[in-house]
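First the structure, in the form of structure tokens, and then the observations on it.
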There are 2 protein chains.
Amino acid sequence: MVILVSREGERPGLRERKKQETRIALSWAAIRLAVERGLENVRVEDIAAEARVAPRTFNNYFSSKGEAIAARHLDRARLIAEELRRRPASEPLWEAIKIAVVTQLAMGEEYDAGQPDQQWQTGVRLMISEPSLQGEMLKANAIAEDELAAAIAERTGTDVARDLYPRLVAGAAGAAIRVAMDQWLRADPPVPVRPLIEDALDRLAAGLPEP
Amino acid sequence: MVILVSREGERPGLRERKKQETRIALSWAAIRLAVERGLENVRVEDIAAEARVAPRTFNNYFSSKGEAIAARHLDRARLIAEELRRRPASEPLWEAIKIAVVTQLAMGEEYDAGQPDQQWQTGVRLMISEPSLQGEMLKANAIAEDELAAAIAERTGTDVARDLYPRLVAGAAGAAIRVAMDQWLRADPPVPVRPLIEDALDRLAAGLPEP
DNA sequence: CGCAAAGATGCGTGAGACGTAAATTTGCGC
DNA sequence: GCGCAAATTTACGTCTCACGCATCTTTGCG
């Protein structure tokens with residue numbers, strides 16, 4: 001995956017900031033170009049050019065076009081775990097998860113009430129439509145799910161390594177989010193995402209009773 | 001993915017049978033070699049040689065080494081949906097799912113009571129350990145999950161395209177299976193899988209209450 | 001027994017992933 | 001400010017791949 005290790009407690013020096021900017025620039029460039037001309041008509045070289053870096057540099061950040069494209073989604077998905085950690089401990093777990101997910105979705109929200117930002121949506125649609133990118137999206141989801149599991153373990157005082165519980169909840173929540181998202185993207189007269197997400201998570205918490 | 005379309009209602013002529021055999025031979029060869037010398041030291045050429053086919057033929061079956069390795073797991077995972085369809089309609093859904101999963105796991109069972117067959121286990125371990133294969137395993141799981149969703153929709157009279165329900169259940173069940181499996185593979189004094197799977201699925205059906 | 005279709009091969013090409021070493025830039029202490 | 005050591009970016013070269021296309025073989029069937 002990433003070669004340039006961004007050690008955690010790194011203070012935001014010019015160096016780190018620039019690295020992050022390059023990473024994001026490469027990622028958006030990859031998405032933009034892939035949407036414009038189709039993934040197969042985009043060479044790594046093009047992406048690098050678009051981001052004003054040397055071709056070889058692309059591979060210092062990502063090990064494939066797919067990874068670059070999924071990076072934006074990954075960063076976004078990670079925020080869910082981060083947000084969950086911020087929720088007060090008094091909140092019931094499922095409630096906290098629901099809020100964390102919805103909050104994260106609302107992040108880049110624009111004019112259109114309740115609709116996540118356009119660019120991210122474009123990226124997700126791209127990943128869903130191009131078969132060769134589906135694997136990358138799944139990988140991103142898996143990574144985000146791991147972080148979510150860690151956050152859940154922390155919050156519930158369970159152990160990610162020993163207990164099934166945190167990973168089970170994270171996995172189920174991840175599945176719910178994926179399904180809701182998918183439904184949302186397919187919806188032909190467009191519908192708001194939030195209700196879908198909430199419905200999916202509520203059903204999970206209810207033990208998935210037959211409808 | 002696969003180029004050679006195996007049309008469904010195909011009767012098992014010599015042709016089809018041989019194709020299937022080649023596919024499986026390539027897949028096992030890939031796994032065996034990867035386990036023996038490490039994935040990076042296995043060239044497509046080697047796998048083809050091991051399966052007694054021309055190098056070019058490998059790519060007629062799989063589009064990458066990873067796909068070949070995941071194929072065995074995929075075929076196995078698909079059986080769950082197939083088994084679910086065989087369960088009597090009178091059985092409660094979760095019960096049926098549990099049985100379908102356990103039955104499938106028991107398939108290649110050997111001497112050691114309750115432990116799935118060695119080769120498959122080896123393959124799964126390989127996919128978990130090699131980062132570059134994790135994506136392939138996730139893809140396989142996703143495909144199997146789709147089929148499971150279809151089977152669930154059929155059984156519950158819901159619609160995969162319109163209702164969240166079938167995909168939600170399939171996704172949650174898939175997550176439960178993954179988590180249980182993972183726990184099982186990590187367990188240091190080895191433990192039987194079945195209880196883990198059943199525990200995970202039971203918790204799902206119970207709404208994942210905090211422990 | 002013979003033909004049409006399906007599959008297996010061979011060959012050639014365009015890309016990609018990545019090791020390595022040289023060139024550049026940044027962070028910092030003096 | 002200045003200069004050096006560490007972190008990054010680049011340039012190059014190499015090794016595999018994935019896959020299109022043309023051709024040779026094998027299989028299924030009348």
Side-chain angles (χ1 to χ4, degrees), chain A residues 1-7 9-26 29-30 33-34 37-69 130-133 135-136 139, chain B residues 1-7 9-26 29-30 33-34 37-71 130-133 135-136 139:
Chain A
M1 170 153 193
V2 191
I3 283 74
L4 312 173
V5 254
S6 284
R7 285 169 314 236
E10 206 125 21
R11 51 178 171 288
L14 173 61
R15 212 159 204 155
E16 284 308 306
R17 188 163 36 233
K18 259 209 160 177
K19 223 165 35 170
Q20 214 45 38
E21 275 167 18
T22 301
R23 181 185 172 78
I24 293 174
L26 280 169
L33 291 177
R37 25 172 138 150
L39 186 59
E40 38 253 83
N41 302 314
V42 180
R43 286 181 307 248
V44 166
E45 184 193 343
D46 303 326
I47 301 172
E50 186 87 355
R52 320 290 171 89
V53 295
R56 181 63 177 84
T57 298
F58 175 88
N59 280 298
N60 284 347
Y61 284 89
F62 304 106
S63 61
S64 73
K65 277 187 289 184
E67 195 175 282
I69 289 175
E130 292 273 0
S132 66
L133 291 177
E136 292 297 334
K139 263 199 279 186
Chain B
M1 173 152 191
V2 191
I3 282 74
L4 311 174
V5 254
S6 283
R7 286 169 314 237
E10 206 124 23
R11 53 177 171 288
L14 173 62
R15 212 159 203 153
E16 285 307 306
R17 188 165 36 236
K18 261 211 160 176
K19 221 165 39 169
Q20 214 43 39
E21 275 167 18
T22 301
R23 182 185 171 76
I24 292 174
L26 281 169
L33 292 177
R37 27 172 137 150
L39 186 60
E40 39 254 86
N41 302 314
V42 180
R43 285 178 311 243
V44 167
E45 185 193 342
D46 303 326
I47 301 172
E50 186 86 356
R52 321 290 171 90
V53 294
R56 180 64 180 84
T57 299
F58 175 88
N59 280 298
N60 284 346
Y61 286 88
F62 304 106
S63 62
S64 71
K65 276 186 290 184
E67 196 176 280
I69 290 175
E130 291 273 359
S132 67
L133 291 178
E136 292 298 333
K139 265 200 277 187

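All chains are named by letter (A, B, ...) in the order of the sequence lines, taking the proteins before the strands, and each is independently numbered beginning at 1. Only heavy atoms go into these numbers, but all of them, side chains included; no hydrogens, no water, no symmetry mates.
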Check your understanding: Expressed in angstrom and rounded to an integer, what is the separation of L26(B) atom CG from dA8(C) atom C1'?
Key -> 12 Å
Exercise for review: Measure from the side chain of N60(B), starting at C-beta and using heavy atoms only, and say which of dT10(D), dT9(C), dT8(D) lies closest.
Suggested key: dT9(C)
**Study point:** Separation between CG of N59(B) and NZ of K65(B), rounded to the nearest 0.5 Å
**Key:** 11.5 Å
Check your understanding: Atom CZ of F58(B) and atom P of dG7(C): how far apart are they, to the nearest Å?
Key -> 18 Å
Review point. How about I69(A) and L39(A): do any of their side-chain heavy atoms sit closer than 4.5 Å?
Key: yes
**Study point:** Between C1' of dA18(D) and CG of L39(A), the distance in whole Å
**Key:** 14 Å
Review point. Between E45(A) (CD) and dA17(C) (C1'), how many Å, whole number?
Key: 15 Å
Exercise for review: Can you tell me the distance, in whole Å, between the CD atom of E67(B) and the P atom of dC17(D)?
Suggested key: 15 Å
**Study point:** Minimum heavy-atom distance between E67(A) and F62(A), given as atom pair plus value
**Key:** OE2-CA, 3.6 Å
Find every protein N or O atom lying less than 3.5 Å from an N or O atom of nucleotides 10-14 of chain C, and list the pairs.
from    : atom 1 : to     : atom 2 : distance (Å)
dG10(C) : O6     : R56(B) : NE     : 3.1

Exercise for review: Identify, with sequence neighbours excluded, every residue that meets side chain to side chain donor-acceptor pair (under 3.5 Å) alongside E50(B).
Suggested key: R32(B)
Review point. Between dG7(C) atom P and E21(B) atom CD, what is the distance in whole Å?
Key: 15 Å
Revision key, fill the gap. From the candidates dG7(C), dT9(D), dT9(C), the one with an atom nearest any side-chain atom of Y61(B) is dG7(C)
Check your understanding: Hey, is K139(A) close enough to E136(A) for a salt bridge, meaning N to O under 4.0 Å?
Key -> yes
Practice item. Can you figure out which of dA17(C), dT9(C), dT9(D) approaches the side chain of N59(A) most closely? Key: dA17(C)
Point to revise | Sidechain N-carboxylate O distance under 4.0 Å for E16(B), K19(B) | key: yes
Study note, to complete from the structure: Here the distance between atom P of dA6(D) and atom NZ of K18(A), to the nearest Å, is 22 Å
Revision key, fill the gap. Closest of dC19(D), dG7(C), dG16(C) to the K19(B) side chain is dG7(C)
Review point. Can you check the I69(A) CD1 to dG16(C) P distance for me, whole Å?
Key: 12 Å
Point to revise | Within-4.5 Å side-chain heavy-atom neighbours: E45(A) and F58(A) | key: no
**Study point:** Under-4.0 Å side-chain N/O to phosphate OP1/OP2 contact, S63(A) with dA17(C)
**Key:** no
